[in-house]
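Here the structure is laid out as structure tokens; the discussion comes afterwards.
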Amino acid sequence: MVTKKLLAPSILSADFSNLSQQIRLVEIGGADLIHCDIMDGRFVPNLTFGPMVISSIRNITNLPIDAHLMVENPENLIDSFIEAGVNYLTVHQEAVVHLHRTVDYIKSKGVKAGVSINPATPIHFLNEILEFVDLVLIMSVNPGFGGQKFIHSSLRKIKELSKIREEMGYNFLIEVDGGLTKDNIKDVSNAGCNIFVVGWSIFGNDNKTAATTEFKNLINNNN
């Protein structure tokens, strides 16, 4: 049974004019990973950053870098992000034609491979890949922008995925991204989530270190 609970602050909501300080503040608060949303303006309606920023982040922190590719044809970008220093690399089920090949290639490079699904994509679309991935990222908002409201039906999907994992004896981590707040994070944790991506609720806080610590406490004391 997979029980670890990890907090991954998303720098999508950080102040990029002082990214080093922003990351340091969440490190002090107990962050476990740094989550990076890579958007190409085509697969999702926003454009963020590429491998050069990842390389800079790698020089800033020793924490694992959790990169989520929300892009068309992600297989064309895998090598550049791995070379930049990511530890987890997640692609979208909706964006990859040969998903097994892509997952296998990521893992062959010594990086943890993840697969993500949008809110409208059912869990059963992942049935044939679950035994091969290291994590599954459930989007609990429609991807593209930070600060959106959590889609409540995501809880059902997390529970369904957690049940499959337990019944089949799989070891992948369940990651959830989108609209996580102090008000819903315990429900998300109880549903079976392992990695909690939190953006605005941390980086939009005046005291980012205290906010990070509070979320860490909430996910590890979810009675």
Side-chain angles (χ1 to χ4, degrees), residues 1-37 39 44 46 48 57 61 63-68 70 88 90 114 116-119 123 135-163 165 172-223:
M1 183 177 179
V2 183
T3 58
K4 66 172 65 175
K5 302 286 184 179
L6 304 173
L7 181 64
S10 171
I11 63 166
L12 183 64
S13 299
D15 178 2
F16 271 68
S17 68
N18 200 349
L19 192 55
S20 178
Q21 180 200 52
Q22 300 270 294
I23 289 176
R24 181 58 183 154
L25 291 173
V26 298
E27 281 183 327
I28 295 170
D32 299 294
L33 307 94
I34 298 299
H35 186 82
C36 299
D37 290 307
M39 306 180 191
V44 293
N46 199 0
T48 54
I57 294 170
T61 182
L63 290 179
I65 296 175
D66 173 32
H68 177 196
M70 289 175 270
Y88 294 79
T90 295
S116 181
I117 54 174
N118 288 328
I123 292 295
L135 71 86
V136 177
L137 171 53
I138 294 179
M139 290 302 300
S140 46
V141 299
N142 288 293
F145 299 94
Q148 297 183 69
K149 186 177 180 180
F150 181 82
I151 297 174
H152 191 73
S153 61
S154 303
L155 290 174
R156 183 187 69 248
K157 294 173 74 173
I158 300 165
K159 291 174 183 177
E160 180 183 350
L161 187 58
S162 180
K163 182 180 179 181
R165 178 175 63 182
F172 59 81
L173 299 174
I174 298 174
E175 184 170 20
V176 178
D177 182 5
L180 296 187
T181 68
K182 291 182 289 184
D183 295 328
N184 60 30
I185 201 161
K186 287 189 177 183
D187 289 337
V188 172
S189 182
N190 288 332
C193 180
N194 305 108
I195 303 178
F196 303 77
V197 179
V198 182
W200 180 250
S201 291
I202 287 178
F203 287 109
N205 196 296
D206 290 338
N207 191 329
K208 296 161 183 58
T209 298
T212 303
T213 301
E214 183 175 12
F215 273 102
K216 281 280 290 186
N217 291 334
L218 286 171
I219 66 175
N220 286 300
N221 300 282
N222 60 330
N223 297 321

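The side-chain heavy atoms of V26 and L63, taken from C-beta on, include no pair separated by under 4.5 Å. Within the 4.5 Å cutoff, the side chain of L180 has no heavy atoms near those of the S201 side chain. A heavy-atom distance below 4.5 Å is found between the side chains of D177 and L137. For the pair S13/I202, no side-chain contact is recorded, criterion being any heavy-atom separation below 4.5 Å from C-beta on. Contact of the L12 side chain with the M39 side chain is registered, since non-hydrogen atoms from C-beta on lie closer than 4.5 Å.
Screening N194, I195, V188, L7 against I219 for a side chain to side chain contact (heavy atoms under 4.5 Å, CB included) leaves a single residue, L7.
Closest approach of F150 to G178, counting heavy atoms only: CD1-O, 3.3 Å. Taking every heavy atom of both residues into account, I65 and C36 meet most closely at CG2-SG, 3.9 Å.
Distance check, rounded to the nearest 0.5 Å: CD1 of I185 to CG of L218 gives 6.5 Å. Note that the CD1 atom of I138 and the CD1 atom of I158 stand 5.0 Å from one another [nearest 0.5 Å].
For the residue pair H68/D66, the side-chain donor-acceptor check at 3.5 Å is not satisfied.
Using a 4.0 Å cut-off between charged nitrogen and carboxylate oxygen, K5 and D32 do not count as a salt-bridge pair. A salt bridge is defined here as a Lys NZ or Arg NE, NH1 or NH2 lying under 4.0 Å from an Asp or Glu carboxylate O, and E27 with R24 meets this definition.
S153 pairs by the side chain to side chain contact (heavy atoms under 4.5 Å, CB included) definition with I151, R156, not counting sequence neighbours.
With N184 contributing its side chain and T181 its backbone, the two residues share a donor-acceptor pair below 3.5 Å.
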